[in-house]
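Predicted model only: the values in this text are computed from it and were never measured.
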Amino acid sequence: MNKTISRTPSTQADLICLSHLRWNFVFQRPQHLMSRFARQRRVFYIEEPVFDGTRSTIQDRTCAHSGVEIITPHIPESSRAEAETVMPSLLADFLHVRQVRDHIAWFYTPMAMEFCSECPPPQATVYDCMDELSLFRGAPARMCANEERLLQAADLVFTGGVSLFEAKRDRHPRTYAFPSSVDVAHFARARSLEDSMPDQQPLPHPRLGYAGVIDERLDLDLIGEVARRRPEWRIVMIGPVVKIEPATLPQESNIHWLGMKDYLDLPRYFAGWDVGILPFAMNDSTRFISPTKTPEYLAAGLPVVSTPIRDVVRPYGTLGLARIAANADEFIAATEQALAHGMSFKWRERADAYLQMLSWDKTWGGMDALIAEVLQARQKKPVTSIATEELFKASAYV
């Protein structure tokens, strides 16, 4: 699947991505970016270990769509406590067998710093901080210390939103904001598709829809209150339930928990919605999030109603592209406005113009250019990339 393209130093090195998210989980930032990097180099996506084996082994499979190689370590349950001593040699042996020498190390979780002590030194180290993981429920006690180590080792720090950029920029001299992007063409299909998904099609309108991970970041009380006060509305919830008990989900008859769906099917679900909602709780775990669904809803032609998540308020709220609601009364009123007015032609034009700045191809291209600069500087070659501090630090997002 992968093609070798000799263009810049960036395209000559393998990429080793160490992530806390499973490849087959919700298709989001890591999958979008790694799929694009795999067009020009080998990409190995290293998942966190699974504790189910009788001996320590590596499972290696290739994503048929992108060519990304997904690496899953399997470690016996009896060795769980020693995972940080087992993983370094397991990973180093795998990289040796696959003849990985010159490589870029790309981190999504600081905890992976504990797994890399025996690996060859990378040509460049990237920390793509898509979330403030230390604030998530069940975060390991060593997360902050490992992040400090990672910041010391990193050549580049990318953040998944402006709030994270503002929190990290004083901790690393080369920190760049790359907020949530969108595959506009993929989600724009929702504007012309029929409402045909069998588990949704029978539901009456109006429909409010959410797609994403269902965890401690959602305001379940808000969702339940809106459902009780507007029984004629149907609230469609798509996504896996993680880190919370399913029994805690509100069970009003007009809330429909449809489970996880394939990324390719999301436009068909969005085609049957009247409003896209972001009913996030205002707590530590949501302080720095930049929901990818905001631009995806807009690309699908949906009006958006969100709680006051900072990276939704700015820019989407201030630009009039999303309605912001801080409590159940405001959420209901904002949704009623969205249902009454929908998306006017002018509103949709403004949304589409803004989304042109948010493509995953542009995000990937900007990151790749910065990596090329690091590699060129390390090889003492002249920098030819157009990427500059000003281009990314003074971008339209900030």
Practice problem: Ignoring hydrogens and angles, tell me if any N or O in the side chain of Arg323 forms a donor-acceptor pair with the backbone of Ala333 under 3.5 Å. | Solution: no
Quiz item: Could you give the distance from CE (Met111) to CG (Asn146), rounded to the nearest 0.5 Å?
Solution: 5.0 Å
Quiz prompt | Ion pair check, Glu252 and Arg230, cut-off under 4.0 Å | solution = no
Quiz prompt | Cluster check Trp347, Val305: I/L/V/M/F/W/Y, side chain < 4.5 angstrom | solution = yes
Quiz item: Would you say the side-chain atoms of Arg207 pair up with the backbone N or O of Leu203, donor to acceptor, closer than 3.5 Å?
Solution: yes
Quiz item: Thinking salt bridges, do Arg98 and Asp93 make one under a 4.0 Å N-O criterion?
Solution: no
Quiz item: Under the 3.5 angstrom rule, does the side chain of Arg217 hit a backbone N or O of Ile289 as a donor-acceptor pair?
Solution: no
Practice problem: For the pair Glu166 and Arg310, find out whether any cationic side-chain nitrogen is under 4.0 Å from an anionic carboxylate oxygen. | Solution: yes
Quiz item: Does Asp311 use its side chain to pair, donor to acceptor, with the backbone of Val162 at less than 3.5 Å?
Solution: yes
Quiz item: Is Glu148 paired with Arg142 through a side-chain N to carboxylate O contact shorter than 4.0 Å?
Solution: no
Quiz item: Hey, are Asp284 and Arg137 close enough for a salt bridge, meaning a charged N less than 4.0 Å from a carboxylate O?
Solution: no
Quiz item: Is there side-chain contact between His256 and Ile235, with heavy atoms separated by less than 4.5 Å?
Solution: no
Quiz item: Cluster partners of Ile58, using ILVMFWY side-chain heavy atoms under 4.5 angstrom, listed by chain and number?
Solution: Ile16, Leu18, Phe44, Ile46, Phe51, Ile71, Ile75, Val86, Met87, Leu90, Leu91, Phe94, Leu95, Val100, Phe107, Met113, Phe115, Tyr127, Leu150, Leu151, Val157
Practice problem: Taking the side chain as every heavy atom from C-beta outward, state whether Trp273 and Leu208 have any pair of such atoms under 4.5 Å apart. | Solution: no
Quiz prompt | Same apolar cluster: Val184 and Phe27, side chain cutoff 4.5 Å | solution = yes
Self-check item: N-O pairing of Glu296 and Lys293 below 4.0 Å
Solution: yes
Quiz prompt | Donor-acceptor contact below 3.5 Å, side chain Asp131 vs main chain Leu133 | solution = no
Exercise. Report yes or no: does Thr307 contribute a side-chain atom to a donor-acceptor pair with the main-chain N or O of Ile309 at less than 3.5 Å?
Key: no
Practice problem: Kindly state whether the ring of Phe165 and the ring of Tyr176 have centres lying under 6.0 angstrom apart. | Solution: no
Quiz item: Within the distance-only criterion (no hydrogens, no angle test), does the side chain of Thr62 pair as donor or acceptor with the backbone N or O of Ala64 below 3.5 angstrom?
Solution: no
Quiz item: Side chain of Thr286, backbone of Ala281: donor and acceptor closer than 3.5 Å?
Solution: yes
Quiz item: Under a 4.5 Å cut-off applied to non-hydrogen side-chain atoms, are Met367 and Arg36 in contact?
Solution: no
Self-check item: Check: Ser359/Asp361 side-chain N/O donor and acceptor closer than 3.5 Å
Solution: no
Quiz item: Can you check whether Asp199 reaches Lys261 side chain to side chain, under 4.5 Å on heavy atoms?
Solution: yes
Quiz item: Salt-bridged, Arg42 to Glu69, with N to O below 4.0 Å?
Solution: no
Quiz item: Any side-chain heavy atom of Pro279 sitting closer than 4.5 Å to one from Tyr210?
Solution: yes
Quiz item: More than 12 heavy atoms of other residues, nucleotides or ligands under 6.0 Å from NE2 of His205: is that the case?
Solution: yes
Quiz item: Is the shortest distance from a Lys or Arg side-chain nitrogen in Asp14 or Arg101 to a carboxylate oxygen in the other one below 4.0 Å?
Solution: no
Exercise. Find the distance between OG (Ser35) and CH2 (Trp364) and round it off to the nearest 0.5 Å.
Key: 12.0 Å
Exercise. Answer with yes or no whether the hydrophobic clustering places Val242 together with Phe136; edges join I, L, V, M, F, W, Y residues whose side-chain heavy atoms lie under 4.5 Å apart.
Key: no
Exercise. Examine Met357 and Leu321 and state if one hydrophobic cluster contains both, with Ile, Leu, Val, Met, Phe, Trp and Tyr joined whenever side-chain heavy atoms are less than 4.5 Å apart.
Key: yes
Quiz item: Taking atom CD of Glu245 as the centre, does the number of heavy atoms from other residues, nucleotides or ligands within less than 6.0 Å exceed 12?
Solution: no
Self-check item: Interatomic distance, His103 atom NE2 to Cys17 atom SG [nearest 0.5 angstrom]
Solution: 12.0 Å
Quiz prompt | Under 3.5 Å side-chain donor-acceptor pair for Ser134 and Glu132 | solution = yes
Practice problem: Just grab all the salt bridge (charged side-chain N to carboxylate O under 4.0 Å, His left out) pairs involving residues 22-34, residues at least two apart or on different chains. | Solution: Arg22-Glu47, Arg29-Asp128
Exercise. Report yes if some heavy atom in the side chain of Asp155 is under 4.5 Å from a heavy atom in the side chain of Arg174; otherwise report no.
Key: no
Quiz item: Under 4.5 Å between side-chain heavy atoms, hopping through other hydrophobics if needed: is there a path connecting Val304 to Leu222?
Solution: yes
Quiz item: Taking the side chain from Glu225 and the backbone from Ala328, do they hold a donor-acceptor pair closer than 3.5 Å?
Solution: no
Self-check item: Distance, nearest 0.5 Å, that separates CG of Leu15 from CD1 of Ile371
Solution: 6.5 Å
Self-check item: Qualifying residue, where the test is ring pair (Phe, Tyr, Trp, His ring centres under 6.0 Å) with Phe187 and the options are Tyr263, Tyr269, Trp360
Solution: Tyr263
Quiz item: Hey, what's the ring geometry for Tyr108 with Trp106, parallel, tilted or perpendicular (30° and 60° as the breaks)?
Solution: tilted
Practice problem: Answer yes or no: does atom CD of Glu232 have more than 12 heavy-atom neighbours from other residues, nucleotides or ligands under 6.0 Å? | Solution: yes
Quiz item: Taking side chain as C-beta onward, heavy atoms only, is Met197 less than 4.5 Å from Leu266?
Solution: no
Quiz item: Remaining members of Leu164's ILVMFWY cluster at a side-chain heavy-atom cut-off under 4.5 Å?
Solution: Leu135, Phe288
Quiz item: Does any N or O in the side chain of Gln251 come within less than 3.5 Å of the main-chain N or O of Leu249, such that one atom is a donor and the other an acceptor?
Solution: yes
